[in-house]
Amino acid sequence: MSSIKPEPVVDADTSSPLRGPVPVTKPFMPPFEEFIEVMRGVWDRGWVTNNGPLVAEFEKALEERFGIQGPVFVANGTLALHLAIRALDLKGEIITTAFTHPVTTISIIWEGCTPVFVDIDPETFNIDPARIEERITPRTSAILATHVYGVPCDVEAIQAIADRHGLKVIYDGAHAFGTTYKGRNILNWGDISTTSFHATKIFQTVEGGSLHTKDPVLLEKLRRMRQMGQWGESFELMGINAKNSEFHAAMGIANLPHYEEIMARRKTQWAHYARVLDGLPVQLIRVDDSDGYNHSYFPVVFRDQLSMMSVREALDAIDIHPRRYFSPATTELPYVQLDGTCPTAENLASRVLCLPMYHELQEGVPDEVAGVIADVLSS
Ligand SMILES: Cc1ncc(COP(=O)(O)O)c(C=O)c1O
């Protein structure tokens, strides 16, 4: 989910005079004065990067406030995945999901491993644990699963499989900040969990990501790896520059007091969409624990690709811009070319649209969207 710019306005003349263009997402911005207040210290200290005090403060706040073990704040969620694979020293095959952002797959290939795709559950859109064991071979070293749209994977089933076969588990929790599973922060599962604080995410630091693990040795290794392996004057470890800056940490710190408000608004918007779409011939994602869900995305699945494209076109025409998250399925990526091997994911990728959701979304937009969907599907 890379772009935070609205898609081009298709026909500005037909958009409602009461609202401007509606992109799929927009970052929540803290009040400017609050951000400047946090930034003042950066100017005073002249310490702008290299694990400064705001990075330490942000990590501590994440740990204490959200009960997330060992956050290692890094430059983005992509590097977090690369560091996770490297730090666990994974080799050979990594079992992964056919329905996620391409970068989950890319991180596996870029780190010299082979992705082995497993199809998804048709209701939660997450990797289907019942299909994992048939893909395990003597070369399998790990399972890398994504909590797609912030809905938790079946973490208990996945852990049981990993334990039976001696595999490591990494969770790509880029969408899942704020989600809990059975009351416990979802980022505490697996050997390592990652998340993203990119501007498109529910809680943002402009660019940013973090890694979480309960293993203190691994935690120390990740901290060293994010700064090129340098530790004092020691260079024993190979690392990469994955540090994040004081400016990015400042955005996180300035956003923290607004966390509850962000989550509450998102939950209300999610419920609003669900209410106005009720009765229409579309499929919504299954969320078992609404209280523990971060409501970060609102995917809608249409009966076929033609309906999805017609709805998208009609919404674009009135300056409302949903996005095809995720299309293609990862099996269909040009550098993978395993089309046809995960039909549930591939079929979903051809029919799904994520509807606009962000803090300042105008209240009437869900009704407008539902009206367009109803019109298009009945014509
Ligand atoms: C599932 C998933 N994983 C990883 C990432 C990468 O995060 P970042 O943009 O912070 O690099 C994204 C980005 O949108 C994502 O959607």
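We count ligands from 1, going down the list as the structure has it; atoms in each ligand are counted the same way.
Under a 4.0 Å criterion applied to the non-hydrogen atoms of N76, ligand 1 contributes the atoms 10 (O), 11 (O). Remark: ligand 1 atoms within the under-4.0 Å shell around heavy atoms of V103 are 3 (N), 4 (C), 5 (C), 6 (C). In summary, the atoms of ligand 1 found under 4.0 Å from a heavy atom of S196, numbered by their order in the structure, are 7 (O), 8 (P), 10 (O). Of all the atoms in ligand 1, the ones that sit under 4.0 Å from a non-hydrogen atom of T100 are 1 (C).
With hydrogens and angles ignored, the 3.5 Å screen pairs a side-chain donor or acceptor of N244 with a backbone N or O of V74.
Under 4.0 Å from ligand 1, the heavy atoms of D172 that appear belong solely to its side chain.
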*Starting from the C-alpha separation in whole Å, work towards a yes-or-no answer on side chain to side chain donor-acceptor pair (under 3.5 Å) for H165 and E133.*
CA-CA 9 Å; H165 297 271; E133 273 182 306; 2.6 Å; yes

*List the steps, then state whether side chain to side chain donor-acceptor pair (under 3.5 Å) holds for D367 with H272.*
CA-CA 8 Å; D367 301 77; H272 189 169; 2.7 Å; yes

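In this structure, E207 has no heavy atom closer than 4.0 Å to ligand 1. Under a 4.0 Å heavy-atom criterion, A80 is not in contact with ligand 1.
Among H147, H82, H198, H175, the residue whose heavy atom lies closest to atom 1 (C) of ligand 1 is H175. Considering each of A174, G208, G77, the one bringing a non-hydrogen atom nearest atom 2 (C) of ligand 1 is A174.
Side-chain contact check for F117 versus T105: some heavy-atom pair is nearer than 4.5 Å.
Less than 6.0 angstrom separates the ring centroid of F58 from the ring centroid of F197. Ring centroid separation for the pair Y297 and H101 does not come in under the 6.0 Å cut-off.
Below 3.5 Å of separation, one finds an N or O of K201 facing an N or O of ligand 1.
The only option from Q230, K243, Q227 that meets the side-chain hydrogen bond (donor to acceptor under 3.5 Å, both in side chains) definition with N50 turns out to be K243.
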